[in-house]
Protein chains: 2
Amino acid sequence: MATIKELAAYTGLSPSTVSIVLGGKAQQRKIPENTQRRVQEAAQALGYRPNISARRLRDPEAKESMVVAVFWAEDFRAPMMVRFLRGLRRAIQAQGGGCEVLIHPYTCGRLREERSLISLSMFNAAVICNASAEDLAWLEQAKPLLPIVLYNRRSDSYCTVNVDDARIGALPAEVFSAHRRRRAAVLTADEVFYGMRVRTDRFLARCGELGLAVGPVLRQENSMRGGCEGALALCALPGDERPDCLFCASDALALGALRGFHQRGLCLPQALELIAVGNGEREAEEYAWPSLAVVSVPIEEMAVECFYLLRRLVRGEVRPPFSRPMEVRYLPGESCPESP
Amino acid sequence: MATIKELAAYTGLSPSTVSIVLGGKAQQRKIPENTQRRVQEAAQALGYRPNISARRLRDPEAKESMVVAVFWAEDFRAPMMVRFLRGLRRAIQAQGGGCEVLIHPYTCGRLREERSLISLSMFNAAVICNASAEDLAWLEQAKPLLPIVLYNRRSDSYCTVNVDDARIGALPAEVFSAHRRRRAAVLTADEVFYGMRVRTDRFLARCGELGLAVGPVLRQENSMRGGCEGALALCALPGDERPDCLFCASDALALGALRGFHQRGLCLPQALELIAVGNGEREAEEYAWPSLAVVSVPIEEMAVECFYLLRRLVRGEVRPPFSRPMEVRYLPGESCPESP
DNA sequence: CTGAAAGCGCTTACAG
DNA sequence: CTGAAAGCGCTTACAG
């Protein structure tokens, strides 16, 4: 990678002149066309690429601004990143900017391979989302030296922003019970983090407490396809094993399940009430047919809190571990209406 | 913002020692606990925040890596960013990494306010997505000095990656005509860029060429809500004005329309065939009920091409303007099956 | 155990 | 019109 110094040597000009031309200030500094051309040709010939860090180091405006990395799993959870970034953006704008967002997609379970978390020279702080148990274990031991907030995970040594997973599981059970449903089923996916298990377990336990029978707990790929297959499997059950209410672990599963139920002519909510964990776009839930009843995960608000927590961490105003709990809300929908 | 030098002055230590402690190398350099504490306390007291640019400037690994900014509109198009980032990530991984992605949400029409495009000290190159006519006009005149690729826009002075908007409009007309449909309608939204108008105009023109009557051209908010309202409006038309085929300008509009048609008990594809511009997640199209027939916009592949073009631009291997055309594909679905 | 010095690549007064 | 010098904030040999 050529530097300005090298271009200077190559052209026989000084670094100052080269810098002026490359910075687009030739006009105001009255550099003749000819000199400009020499510089441009040299840049082309030597493959010059400006060093952004060096430029930034000199830029007084840039000094105030900090860089926050968002680690997000590059799997079925990718679409949820939109909601998170929306919240993050909101928080940054609310403080008048001054924060750049660096996206770091990563493979779940391989957070340890992300050198940037160790090198300390890529960003000021990081929000780590979607961490697996392995990733968390590594974090507990590696202890990166920069401010970190974990999104929707528990930790004894980091700052975290959390939802109450037990509540997410209990709520649907209570609604189903109030609606006098008799047999509940669960449509979920591989438990990529501990909270998912808590949701399912707590749903089942609460059903038990309320006298609801619990039908099958189906585990499918966390996608619409998985949801659709799950629904078809439920419809294939013999009549007495068929549930009349269903807890879906994600919007994707639920939306796919709607298709499966349509295919089989099963009528919601009459034959089956459905409540999903609302982790997708609200509009997709509302304009589904039937619209989805959800226990809504406030992803945008959680992103805002992640940012605030990070800021307090950077300023030394909070010391980890610290957990910021967030409320989940139950939003009825046609798949499980308020007054059935 | 305190610097290491200031911490050194404050503690009476040298900048070297402070740096060693702050870099987490106290152990290996045998700095006594006590000195460490002094440094940490000073950092706390003075509100020290490391300057990432300065660190990066010294990091030999970081030197190779470049920073690409993605400008994306923070409006109804936000969800499409997921597909774009997926493609970008794929391209970066294919070349073995060495590229950071900076997300720059912006307000459409206000690109001119993005100082980072002028300052040159924030990133090496940029992909500008969703630019409005105003934004494009500004770009043509302001001519930022860094490598820029425009996503899905036309330009006389920039490199661009494009789909054939005329083809996107013509294709559905041809399918409807082959299916012997008689009256076509359009459900679209405000034309936030020129290509959208081309799609609609070309659809209408092609219908005319093929002898298809054209019913109303409805303009709604580009969202599921808008789509739903559009569908309800279509159903409210008197019988002889009601279309039997519909071209939707986006997946969001189409998915919302499906709900509207369900509400009115309109049967797809019998009563009405529907083809959408496929700009959303493929899975949402396939698992809709009925599944959507789409003219698919290859967003991921376009992102890959944006990256390649940017790389060639950075290396001086291509000179703007240059347009990379991308193929669109027609994917039948239940809303407009191959053999009706 | 700690410090003085050099240098990463760049830009900007300042001087000529 | 162009160049020599200083300095942005940091880390790392090197010396003691």
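So you know, we letter chains A, B, ... as the sequences are listed, proteins then strands, and number each from 1.
Shown here are the side chain to side chain contact (heavy atoms under 4.5 Å, CB included) partners of A/F193, two or more places apart in sequence or in another chain: A/N152, A/R153, A/M196, A/R199. Partners of B/I20 under the side chain to side chain contact (heavy atoms under 4.5 Å, CB included) rule, at least two apart in sequence or in another chain, are B/K25, B/R29, B/I31. Not counting sequence neighbours, the partners of B/R83 by the salt bridge (Lys or Arg N to Asp or Glu O under 4.0 Å) test are B/E300. Residues meeting the side chain to side chain contact (heavy atoms under 4.5 Å, CB included) test with A/E134, sequence neighbours left out: A/R112, A/S132.
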Side-chain polar contacts of residues 102-110 of chain B - donor-acceptor pairs under 3.5 angstrom, sequence neighbours left out - could you list them?
{"unit_1": "B/H104", "atom_1": "NE2", "unit_2": "A/E100", "atom_2": "OE1", "d": "3.0"}
{"unit_1": "B/Y106", "atom_1": "OH", "unit_2": "B/C129", "atom_2": "O", "d": "2.7"}
{"unit_1": "B/Y106", "atom_1": "OH", "unit_2": "B/N130", "atom_2": "O", "d": "3.4"}
{"unit_1": "B/Y106", "atom_1": "OH", "unit_2": "B/A131", "atom_2": "N", "d": "3.3"}
{"unit_1": "B/T107", "atom_1": "OG1", "unit_2": "B/E74", "atom_2": "OE2", "d": "3.0"}

Only pairs under 3.5 Å count here: list side-chain donor-acceptor contacts from residues 301-316 of chain B, not counting sequence neighbours, and write none if there are none.
{"unit_1": "B/E305", "atom_1": "OE1", "unit_2": "B/R324", "atom_2": "NE", "d": "2.9"}
{"unit_1": "B/E305", "atom_1": "OE2", "unit_2": "B/R324", "atom_2": "NH2", "d": "3.4"}
{"unit_1": "B/R311", "atom_1": "NH1", "unit_2": "B/Q95", "atom_2": "OE1", "d": "2.7"}

For residues 139-150 of chain B, which side-chain N or O atoms pair as donor and acceptor with protein atoms under 3.5 Å away, sequence neighbours left out?
{"unit_1": "B/E140", "atom_1": "OE1", "unit_2": "B/S157", "atom_2": "OG", "d": "2.3"}
{"unit_1": "B/E140", "atom_1": "OE2", "unit_2": "B/S155", "atom_2": "OG", "d": "2.8"}
{"unit_1": "B/K143", "atom_1": "NZ", "unit_2": "B/S157", "atom_2": "OG", "d": "3.3"}

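Of the residues in residues 25-41 of chain B, those placing a heavy atom less than 4.0 Å from an atom of DNA chain D are B/K25, B/R29, in numerical order.
Under 4.0 angstrom from either OP1 or OP2 of D/dT2 there lies no side-chain N or O belonging to A/T17. Here A/S16 does not reach the OP1 or OP2 of D/dG3: none of its side-chain N or O atoms lies under 4.0 Å away.
Under the salt bridge (charged side-chain N to carboxylate O under 4.0 Å, His left out) criterion, no residue pair touches residues 55-68 of chain A, with sequence neighbours excluded. Pairs of residues two or more places apart, or lying in two chains, never qualify as ring-ring contact (aromatic ring centres under 6.0 Å, His included) while including a residue from residues 18-60 of chain B.
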Polar atom pairs between nucleotides 6-9 of chain D and protein, under 3.5 Å, N or O only, would you list them?
{"unit_1": "D/dG7", "atom_1": "N2", "unit_2": "A/R58", "atom_2": "NH1", "d": "2.7"}
{"unit_1": "D/dC8", "atom_1": "O3'", "unit_2": "A/K63", "atom_2": "NZ", "d": "3.4"}
{"unit_1": "D/dG9", "atom_1": "OP1", "unit_2": "A/K63", "atom_2": "NZ", "d": "3.0"}
{"unit_1": "D/dG9", "atom_1": "N2", "unit_2": "B/A54", "atom_2": "O", "d": "3.4"}

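Note on ring orientation: taking the six-membered ring where Trp is involved, the planes of A/F71 and A/F123 are perpendicular (angle over 60°, cut-offs 30° and 60°).
Atom CG in B/D59 sits roughly 9 Å away from atom P in D/dT12 (whole-Å rounding). In this entry the distance linking CG of A/L22 with C1' of C/dT12 reads 15 Å, nearest Å. If you measure from atom CD1 of A/I52 to atom P of C/dC10, you get 9 Å, rounded to the nearest angstrom. In this entry the distance linking CG of A/L120 with C1' of D/dT11 reads 12 Å, nearest Å.
When side chains are defined from C-beta on, B/D156 does not count as touching B/P321, because their heavy atoms never get closer than 4.5 Å.
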DNA chain C in dot-bracket form (Watson-Crick or G-U pairs under 3.5 Å, [ ] crossing, | inter-strand) is |||.||||||||.|||
